Amino acid sequence: MQPATAKWYDRREAVFIEFCIEDSKEVQVKFDKTKLDFSCVGGTDSMKHHNEVDLFDAIDYNESKHKRTDRSVFCCLKKVEPGKSWPRLTKDKAKLNWLSVDFNNWKDWEDDSDEELSSFDRFSEMMNNMGGEEDLPDVDGAEEEGSMDSDDEKMPDLE
């Protein structure tokens, strides 16, 4: 038996962990107040996987859920203390070779009052606040018609 590869990320209300096992069968996920126990059979070689995680903080195990897809098993761990940041998934600071941060879904929400806005919306809003072309300073000769720039100039004949 070996641990399943997993990715995790933190949100205001919950912590999410995705066990990356294709074609999983016999999936068992047990939520405890400070522990997650995951096991399944999966992959092309039908290998048995087992992960036991002592969690950084307490979860509401009655409200925590999991969902199996063809490509992975996704778990939503409902926090007992919403709004409290988890700097890591595990209680101990030890590096687990099967666990990584899901940077595609990670966001620093602690100091972000607009959690509902997507990063694209925030980027668009920032660009709008910076001003448009009408705010650009005039550059001498930039808009003059008929002006030649350096590659339009006629080269002198070299004889």
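Predicted model, so just to flag it, every value in this text is computed and none were measured.
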J.: Same cluster for Trp98 and Met47 if Ile/Leu/Val/Met/Phe/Trp/Tyr side chains link at under 4.5 Å?
T.: no
J.: In chain order, what residues pass the side chain to side chain contact (heavy atoms under 4.5 Å, CB included) check against Ser72, with sequence neighbours excluded?
T.: Glu18, Thr69
J.: Measuring only between side-chain heavy atoms, which start at C-beta, is Leu89 closer than 4.5 Å to Leu36?
T.: no
J.: Are more than 12 heavy atoms, taken from residues, nucleotides or ligands other than Lys93, located less than 6.0 Å from that residue's NZ atom?
T.: no
J.: To the nearest 0.5 Å, tell me how far Phe19 CZ sits from Cys40 SG.
T.: 9.0 Å
J.: With no hydrogens and no angle check, is any side-chain donor or acceptor of Asp32 less than 3.5 Å from a backbone partner on Thr34?
T.: no
J.: So do the side chains of Leu55 and Phe31 get within less than 4.5 Å of each other, counting heavy atoms only?
T.: no
J.: Where is the tightest heavy-atom contact between Asp92 and Thr90, given as atom of each residue plus distance?
T.: O-OG1, 2.6 Å
J.: Below 4.0 angstrom, N of the basic side chain to O of the carboxylate: do Asp10 and Arg88 qualify?
T.: no
J.: Please tabulate, one pair per line, all N/O donor-acceptor pairs under 3.5 Å involving side-chain atoms of residues 61-68, not counting sequence neighbours.
T.:
from, atom 1, to, atom 2, distance (Å)
Ser64, OG, Asp60, O, 2.9
Ser64, OG, Lys78, N, 3.0
Arg68, NE, Ser24, O, 2.8
Arg68, NE, Ser24, OG, 3.2
Arg68, NH2, Ser24, O, 3.1

J.: Quick one: closest heavy-atom pair of Cys20 and Lys7, and the distance?
T.: SG-CE, 4.0 Å
J.: Would you call the rings of Phe16 and Phe74 parallel, tilted or perpendicular, where under 30° means parallel and over 60° means perpendicular?
T.: parallel
J.: With rounding to the nearest 0.5 angstrom, report the CH2 to CG distance, Trp8 to Leu77.
T.: 10.0 Å
J.: Tell me, which pairs form a side chain to side chain donor-acceptor pair (under 3.5 Å) where one or both residues lie in residues 45-59, sequence neighbours left out?
T.: Lys35-Glu52, Asp37-His50, Asp57-Lys84
J.: Taking all atoms of both residues into account, what is the closest heavy-atom pair of Trp86 and Trp106, and its distance?
T.: O-CH2, 4.0 Å
J.: Please test Val15 against Ile59 for side-chain contact (heavy atoms from CB on, under 4.5 Å), starting from the C-alpha separation and ending with a verdict.
T.: CA-CA 9 Å; Val15 173; Ile59 60 169; over 6 Å; no
J.: Look at the side-chain heavy atoms of Ile, Leu, Val, Met, Phe, Trp and Tyr, link any pair under 4.5 Å apart, and say whether Val41 and Val29 land in one connected group.
T.: no
J.: Considering all heavy atoms of both residues, which atom of Gly42 and which atom of Ile21 are nearest to each other, and what is their separation?
T.: CA-CG2, 3.7 Å
J.: If you take all heavy atoms of Ser85 and Phe56, which pair is closest and at what distance?
T.: O-CE2, 4.0 Å
